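Following: one structure in structure tokens, then a few remarks.
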Amino acid sequence: MASLRSVKGMNDLFGVEALSLGAVESLARNLAKRWGAEEVRTPVLEKLDLFVRSVGEATDVVGKEMYAFEDKDGSQLCLRPEATASVARMLVQHGILRDHPRFRAFYAGPMFRRERPQKGRYRQFHQVGVEFFGEPEPSADVEVIALAAAILDALGLDDVVVELGSVGCPECRPSYREQLVAFLRQEADQLCELCNQRTETNPLRCLDCKSASCQAVYGDAPLPLDHLCDACDQHQAGVEKGLDRLGLDYRVNKRLVRGLDYYRRTVFECTTQKLGAQSAVIAGGRYDGLLGSVGGDEGVAAVGFAAGTERLQLLAREAGTEAGLSPADVAIVTDRNQGVDEALVLMQGLRASGLVVVADLSDRGRKAKTKWLGRTTHRHSLFLEADGSARLRLQGMETQAVHPEIAAILQVLSSN
RNA sequence: GUGGCUGUAGUUCAAUAGGUAGAGCCCCGGCUUGUGGUGCCGGUUGUUGCGGGUUCAAGUCCCGUCAGCCACCCCA
């Protein structure tokens, strides 16, 4: 068995685990619908190149955490590490934007990243997310953030903070980046080894280094928000104004950056202190131009976010709002294996009328069956006696004898 | 990829200074209670993660390995 265990970081889900993960997904799905998003499903397996070109080859997600392999025909495939690139690819491949120049997508499903597993982080994990395509205006950013906030709110999560920032656009980012790199090089001897590496590979990410000594230096660093071009600046102002108008709480974080290359302008993150090192629960932003990197129209705007489903679930558990297993409507028990056929007919009828029915029709003893009833959650129970009579018990009510008119029982139960 | 902690029945855990592996829960059966998680009796379950080593003898010591958890990295 040891060798047949599930793969490291990939978990079997059953009981409340499976149920509450599904509950989080449908909660997000229902809310996304209210925002006009429609559900899409894309394959779990994609061409490796899709992520190399959109997410970025230099990013950790693509560079070191991807499950990539060669298919039998020699093509390079991988398990998707995220879904945004896939959705973008889908839109281009099917020319969806011709019919729907503004398209809002919702998705839910498993993603794969080969990292060391820990609390709230698994190699196969789940995300729910939305992408709004073809909407360049700040109001779309506001709607996206409002949806993220609505999901958190619906789960009763009030210790999650929305942080907002901007990483600029191809107009203003290059010059800002140069300034930042110059600053970093000047302070190189003050910085940690990692930040010195990042200075060359991804300087923006230095800004959220966890080292206290680095942060001390970054107090004087040029920040992206202070170096936006006029257009980005106005966009940012528009987003903030919209959020204010809706009364949504957020905190402007001047040094908020992203790990994926495709972000432009707005970036935001919903964070918590309750998941150990995994503070990000929902993260997103704007990625205008992403369609260009997957072979589509460069000019198409896009905003969206992805939420870690397990992380939402874990937070709901701590908040006491996690969905639990629901009780059956009726539990049926026979006396030994007497009256099994009658029981089957009854169950068929009850189920046809929409009730959840569980039963123990085995030839086990009365004791075993009453024990079973005792630990099985249900609203009503029906003890079918060998003589054809039945005892109906409503939860919390006294036992009462009932004659075996199935129709009458059905009526009693379904009118409840 | 790096570091720390852990690894005994399905599960939660025990096992004095190394001496032939135990308990609760759960599960199964019976009795009792005229029938709802009661009480009593009985029963099943383990290559003590795996592989080496030290020893007359290792769950207990040493090495390795794998797995889990937590942290770093990174991210949702």
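The sequence lines fix the lettering, A, B, ..., with proteins before strands; numbering per chain opens at 1. Just so you know, these numbers come straight off a predicted model, no measurement behind them.
- A:Tyr287 places its OH atom 13 Å from the C1' atom of B:A76, with the value rounded to the nearest Å.
- For the pair A:Arg80 and A:Glu46, the salt-bridge criterion is not met [side-chain N within less than 4.0 Å of a carboxylate O].
- Spacing between atom NZ of A:Lys274 and atom P of B:C70 amounts to 17 Å, rounded to whole angstrom units.
- Nucleotides B:A23 and B:U44, compared at atom P, are 11 Å apart to the nearest Å.
- Between A:Phe133 and A:Tyr287, the angle of the ring planes goes over 60°, which puts this pair in the perpendicular group of the 30/60° scheme.
- Within residues 8-41 of chain A, the residues approaching RNA chain B are A:Lys8, A:Gly9, by heavy-atom distance under 4.0 Å.
- When all heavy atoms of A:Glu310 and A:Phe125 are compared, the pair lying nearest together is OE2-CA, 3.5 Å.
- A:Glu70 and A:Ser75 share no side-chain donor-acceptor pair at under 3.5 Å.
- The side chain of A:Phe383 sits closest to B:U35 out of B:U35, B:G36, B:C75.
- In this entry the distance linking CG of A:Asp360 with C1' of B:U35 reads 14 Å, nearest Å.
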Distances for protein N/O vs nucleotides 24-28 of chain B N/O pairs under 3.5 angstrom?
from  : atom 1 : to       : atom 2 : distance (Å)
B:C27 : OP1    : A:Arg375 : NE     : 3.0
B:C27 : OP1    : A:Arg375 : NH1    : 2.8
B:C28 : OP1    : A:Arg364 : NH1    : 2.6

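- Between A:Glu143 and A:Arg104, at least one side-chain nitrogen of the basic residue sits less than 4.0 Å from a carboxylate oxygen of the acidic one, meeting the salt-bridge criterion.
- Comparing A:Glu269 and A:Thr370 by the nucleotide of RNA chain B whose heavy atom lies nearest to each, the residue mapping closer to the 5' end is A:Thr370.
- Computed from coordinates, the A:Trp372 CH2 to B:G36 C1' distance equals 12 Å when rounded to whole Å.
- Applying side chain to side chain donor-acceptor pair (under 3.5 Å) to A:Thr84 and the options A:Arg89, A:Glu131, A:Gln127 leaves one that passes, A:Glu131.
- Take A:Asp261 and apply the salt bridge (charged side-chain N to carboxylate O under 4.0 Å, His left out) test, not counting sequence neighbours, and it matches no residue.
- B:G49 and B:C13 have their P atoms separated by 15 Å, given to the nearest Å.
- Atom CG of A:Leu373 and atom P of B:G34 are 18 Å apart (whole Å).
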Between N or O atoms, less than 3.5 Å apart, protein on one side and nucleotides 39-43 of chain B on the other: list the pairs.
from  : atom 1 : to       : atom 2 : distance (Å)
B:G39 : O6     : A:Lys367 : NZ     : 3.4

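- Taking the salt bridge (charged side-chain N to carboxylate O under 4.0 Å, His left out) definition, one finds that A:Lys119 meets it with nothing, sequence neighbours left out.
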Show which side-chain atoms of residues 9-16 of chain A pair as donor or acceptor with protein atoms under 3.5 Å away, not counting sequence neighbours.
none

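- In this entry the distance linking CG of A:Leu194 with C1' of B:G3 reads 16 Å, nearest Å.
- The salt bridge (charged side-chain N to carboxylate O under 4.0 Å, His left out) contacts involving residues 50-66 of chain A comprise A:Asp49-A:Arg53, A:Asp60-A:Lys64, where partners must be two or more places apart or lie in separate chains.
- Within the 4.5 Å cutoff, the side chain of A:Tyr262 has no heavy atoms near those of the A:Val294 side chain.
- Residue contacts shown for A:Leu312 are absent, as no nucleic acid heavy atom lies under 4.0 Å away.
- Legend: residues meeting salt bridge (charged side-chain N to carboxylate O under 4.0 Å, His left out) with A:Glu269, ordered by chain and number and at least two apart, are A:Arg258.
- Contact annotation for A:Arg116: base contact, defined as any heavy-atom pair under 4.0 Å involving a base atom.
- We find that CG of A:Leu147 is positioned 15 Å from C1' of B:A76, with the value rounded to whole Å.
- A distance of about 16 Å separates the C1' atoms of B:G46 and B:U12, rounded to the whole Å.
- Between B:U6 and B:U65, the distance separating the two C1' atoms is 15 Å to the nearest Å.
- Among the heavy atoms of the strands lying under 4.0 Å from A:Ile282 are primed sugar atoms or P, OP1, OP2 only; no base atom is included.
- For A:Glu178, there are no side chain to side chain donor-acceptor pair (under 3.5 Å) partners at least two apart in sequence or on another chain.
- Whole-Å rounding puts the A:Gln118 CD to B:A67 P distance at 16 Å.
- Separation of the P atoms belonging to B:G59 and B:G37 is 43 Å when rounded to the nearest angstrom.
- The side chain of A:Arg114 sits closest to B:G1 out of B:G1, B:G36, B:C75.
- Within the 4.0 angstrom heavy-atom criterion, no nucleotide atom of any strand lies near A:Gly129.
- Take A:Tyr107 and apply the side chain to side chain donor-acceptor pair (under 3.5 Å) test, not counting sequence neighbours, and it matches no residue.
- The side chain of A:Pro117 lies closest to B:C69, out of B:C70, B:C69, B:A76.
- With hydrogens and angles disregarded, no donor-acceptor distance shorter than 3.5 Å links the side chain of A:Asn253 to the backbone of A:Glu163.
- Looking at A:Tyr250 and A:Asp244, their side chains do bring a donor and an acceptor atom within 3.5 Å of each other.
- For RNA chain B, the stems formed by at least three consecutive Watson-Crick or G-U pairs, with both atom-pair distances below 3.5 Å, span B:1-7 with B:66-72, B:10-13 with B:22-25, B:27-31 with B:39-43, B:49-53 with B:61-65.
- Going from the P atom of B:C56 to that of B:A9 covers 30 Å, rounded to whole Å.
- Using C1' as the reference atom, B:U16 and B:G52 are 29 Å apart when rounded to the nearest Å.
- Distance check on atom C1': B:U54 versus B:C61 gives 8 Å, rounded to whole Å.
- The residue A:Arg258 sits close only to the backbone: its heavy atoms come under 4.0 Å of sugar-phosphate atoms, none of a base.
- Comparing atom distances between the A:Gln127 side chain and each of B:G36, B:A76, B:A71 picks out B:A76 as nearest.
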Atom pairs under 3.5 Å: protein N/O with N/O of nucleotides 5-7 of chain B:
none

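- Contact check for A:Pro203 versus A:Leu180: side-chain heavy atoms found under the 4.5 Å cut-off.
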